[in-house]
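The block underneath contains the structure these notes are about, expressed in structure tokens.
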Amino acid sequence: MDTKRRTGRQLKSANSAGSGSRAPMLSEVLAESIENIQGELGYSPDLKVRKVDLGGERPVQAAAVHLSGLADKTSVNEFVVGSLLLNTDAWTQGHDDSPPDLPALLLSRILEIGEAEVQEDWNDIMLAVLSGDTAILIEGYTLAIICETRGGETRSVEESSSQMVVRGPKDGFVEAVGTNVSLIRRRIKSSRLRLEFMKLGTETKTHVAMMYLKEIASEDLVEEVRERLNRIANDEVLESGYLEELIQDKTFTPFPTIYNTERPDVAAGNLLEGRVVVIVDGTPFVLILPAVFTQFFQSAEDYAQRFDIAILMRIVRYVSFIVLLLGPSVYIAFTTYHYEMIPTTLLINLLSQRENVPFPAFVEALLMEGAFEILREAGVRMPRAIGQTVSVVGALILGSAVVEAGIITPIMVIVIALTGIASFAIPAYNMAIAGRIIRFAFLLLAGMFGFYGITLGLIVLVAHMNSLRSFGLPYLSPFVSLSMMDKRDTILRLPVWLLEPGQSPQQMRDEMPEFKRVTSGHESELAPLIKKNEDRGKRPKGEGEAE
């Protein structure tokens, strides 16, 4: 019998079409409301229901419903259930019956929880319970009081593992969107900082936060980001990478057009530059948009160190990216097509090494690049205790073994090793991966056409990068601009007082009244500490000397 394979989406649509049962809802009968909630969640064992009696001689029954793994037990026990049990005397004294508006009285006089609201929509009530809140159901009412009790196990704030620095803040984002928002607000204490929440994913209902600075971020940019996020209709949004693929301008490009970071100081700095930050619940990586090419070569440490140190480090990163792209391909072009460009002594040495090697340089490079990528991936996926050891020892053993076996020349091992090390000097991991992908294209061009192929590849690469946009911003915008002021923070990192409009340190010292000329033609920075005499020819008297 022939059977037709059906995908998960087809099964889901078939199940939804075949289910004609009426959607559950709250009832004035408390038992029915609890039954509907339990049935909606499949009678899950982690759904906890705590029933209490409110009132005097004829009490009204209520129930607090929450999921034990998502709600904070202390908040539920002390501020929800505890306040219901202890504070009911506030309205039972002198009243035999319940007040006409019991939910309003619970909100205004009984509940001690920080945030609570009345909710009547069934979907909103279920979403609140599934998010970790507690729903209070009352006999005789078709509504619920939602109390914010979200908690559960969360990871504490730790140092970023993917963007480490020597000097600078050591805190990093975590998987809780509320904590991540607070880390940014701690750095930007401005009333212009705007925060918007939305829920994405028809099944996951993931909390997503969008932050920007009003009057600094472009209104068109904010509206474009908001519109692209609201257009997402996927079932699942489990990580910020889902959003990155759904809202980016161009899909088929190796270059990342949206920046992601684990560092709150980087997110705060980009907010101050007019960008938009998107925070996704469940992941420590936040999205920063729009992004430009130079942004992926900047590190948070560039602004914590002196500008001359930052300039050196940036130059090293750009040189490393060039080596990553063109290192093996230039070697292949030299040794395959352009012998005349190699010094004679070095050429003789290279030819003597290649005498017993059966493969051309192009095949050598492919073999070594493939082996290096396998070792890199194995080192990442293996347990942390042995992953680094396996990758380093494997590279050493493999490199020496292939040279001794006469399969690969020693110079090729050096070139591939230098290329691999250069990829680790790039701060952004996704930009390093883009360079690794493009490197194989340059290997193929160099093996077929030599330097002519490399030149053609560079022209196509620059043209492709020039065509990229990130939310309307040209990807190469710092370089294509004719204004030199736009290049103050690209390859070079000028002093901070030149990056922002303001005064130089010299101007600030000149305007301070303490810094005055104590001798003709000389300015002393110790002037505030020296008591000047009327006679400039004398030295200041020591403390304690008599006049």
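Since the structure is predicted, the reported quantities are computational estimates derived from the model, not experimental observations.
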So Y452 and L456, do their side chains get closer than 4.5 Å, heavy atoms only? no
Counting neighbours of CD on E223 that are heavy atoms of other residues, nucleotides or ligands and sit closer than 6.0 Å, is the number greater than 12? yes
Under 3.5 Å: donor-acceptor pair, side chain of N230, backbone of E227: no
For E159 and K170: C-alpha separation, side-chain torsions, deciding distance, then whether side chain to side chain contact (heavy atoms under 4.5 Å, CB included) applies. CA-CA 5 Å; E159 184 178 2; K170 300 296 183 179; 3.7 Å; yes
Partners meeting salt bridge (charged side-chain N to carboxylate O under 4.0 Å, His left out) with E219 (sequence neighbours left out): none
Closer than 4.0 angstrom, basic N to acidic O: yes or no for D281 and K199? no
Which atom pairs, donor and acceptor, lie under 3.5 Å between side-chain atoms of residues 357-365 and protein residues at least two apart or in another chain?
residue : atom : partner : partner atom : Å
E364    : OE1  : R354    : NH1          : 2.2
E364    : OE2  : T409    : N            : 2.8
E364    : OE2  : T409    : OG1          : 3.1

Test F297 against every option in M313, R314, M431 by the side chain to side chain contact (heavy atoms under 4.5 Å, CB included) rule and name the one that passes. M431
For the CG atom of L468 and the NZ atom of K250, what is their distance to the nearest 0.5 Å? 5.5 Å
Heavy-atom count around K214 NZ within 6.0 Å, excluding the residue itself: above 12? no
Checking R155 now: which residues fulfil salt bridge (charged side-chain N to carboxylate O under 4.0 Å, His left out) with it, not counting sequence neighbours? E158, E175
Side-chain donor/acceptor of S240 to backbone N/O of F285, under 3.5 Å: yes
Would you find a donor on one side and an acceptor on the other, under 3.5 Å apart, between the side chain of R275 and the backbone of L272? no
Under the side chain to side chain contact (heavy atoms under 4.5 Å, CB included) criterion, do R226 and L229 qualify, and how do the steps go? CA-CA 5 Å; R226 186 185 297 116; L229 290 175; 6.0 Å; no
Separation of I332 CD1 from L444 CG (nearest 0.5 Å): 9.5 Å
Is any side-chain heavy atom of F449 closer than 4.5 Å to one of T455? no
For A267 and V277, which heavy atoms make the closest approach, and how far apart are they? O-CG2, 3.9 Å
Passing candidate, side chain to side chain contact (heavy atoms under 4.5 Å, CB included) with L473, options D249, V292, L221, T257: V292
Under a 3.5 Å distance rule, please check whether N180 uses its side chain to pair with a backbone N or O of V174 as donor and acceptor. yes
Let me confirm one number: the CZ-CG distance from R150 to D72, rounded to the nearest 0.5 Å. 13.0 Å
Side chains of R376 and S423, donor plus acceptor under 3.5 Å: yes
Does R228 reach the main-chain N or O of I247 with its side chain, forming a donor-acceptor pair under 3.5 Å? yes
Decide yes or no for V280 and E239: does some side-chain heavy atom of the first lie under 4.5 Å from some side-chain heavy atom of the second? no
Is atom CD of E340 surrounded by more than 12 heavy atoms (other residues, nucleotides or ligands) closer than 6.0 Å? yes
Return yes if some donor-acceptor pair links the side-chain N/O of T206 with the main-chain N/O of V237 below 3.5 Å, else return no. yes
What do the steps show when you test Y339 against L351 for side chain to side chain contact (heavy atoms under 4.5 Å, CB included), and what is the final call? CA-CA 10 Å; Y339 289 108; L351 292 178; 4.0 Å; yes
Just wondering, do Q298 and Y303 contact through their side chains at under 4.5 Å, heavy atoms? yes
Spatial distance of atom CD1 (I322) from atom CG (L458) [nearest 0.5 Å]: 9.5 Å
Could you tell me whether D171 and R187 make a salt bridge, using a distance below 4.0 angstrom between a side-chain N and a carboxylate O? yes
Measure across T202 and K205 and return the closest heavy-atom pair with its distance rounded to 0.1 Å. O-NZ, 2.6 Å
Got a sec: does the CZ of R306 have more than 12 other heavy atoms crowding it under 6.0 Å? no
Which class fits the ring pair H338 and F451: parallel under 30°, tilted 30 to 60°, perpendicular over 60°? tilted
Can you name the nearest heavy-atom pair linking F307 to R493, along with the distance? CB-O, 3.3 Å
How far apart are the C-alpha atoms of L325 and L461, what are their side-chain angles, what is the distance that settles it, and do they pass the side chain to side chain contact (heavy atoms under 4.5 Å, CB included) test? CA-CA 11 Å; L325 289 180; L461 181 64; 4.2 Å; yes
Provide the closest heavy-atom pair for I279 versus V286 in the form atom of the first, atom of the second, distance. CG1-CG1, 3.9 Å
Can you say whether the rings of Y318 and F293 are parallel (under 30°), tilted (30 to 60°) or perpendicular (over 60°)? tilted
Any non-hydrogen side-chain atom of D124 less than 4.5 Å from a side-chain atom of I146? no
Could you tell me whether the side chain of P427 reaches within less than 4.5 Å of the side chain of F296, counting heavy atoms only? no
Sub-4.5 Å side-chain heavy-atom contact between V266 and Y259: yes
Y337 (side chain) donor-acceptor with G447 (main chain) under 3.5 angstrom: yes
Quiz question: by atom type and distance under 3.5 Å, do the side chains of D133 and S131 form a donor-acceptor pair? no
Between the main-chain N or O of Q163 and the side-chain N or O of R263, is there a donor-acceptor pair closer than 3.5 Å? yes
To the nearest 0.5 Å, what is the distance between CD on Q248 and CG on L289? 11.0 Å
Is I188 close to M211 at the side-chain level, that is, under 4.5 Å between some pair of heavy atoms? no
Heavy atoms only: give me the nearest P290-S470 pair and the separation to one decimal. CB-O, 3.0 Å
One should read off an interatomic distance between L41 CG and D46 CG, to the nearest 0.5 angstrom, of 8.0 Å
Over all atoms of both residues, closest heavy-atom pair of A333 and I454: CB-CD1, 4.1 Å
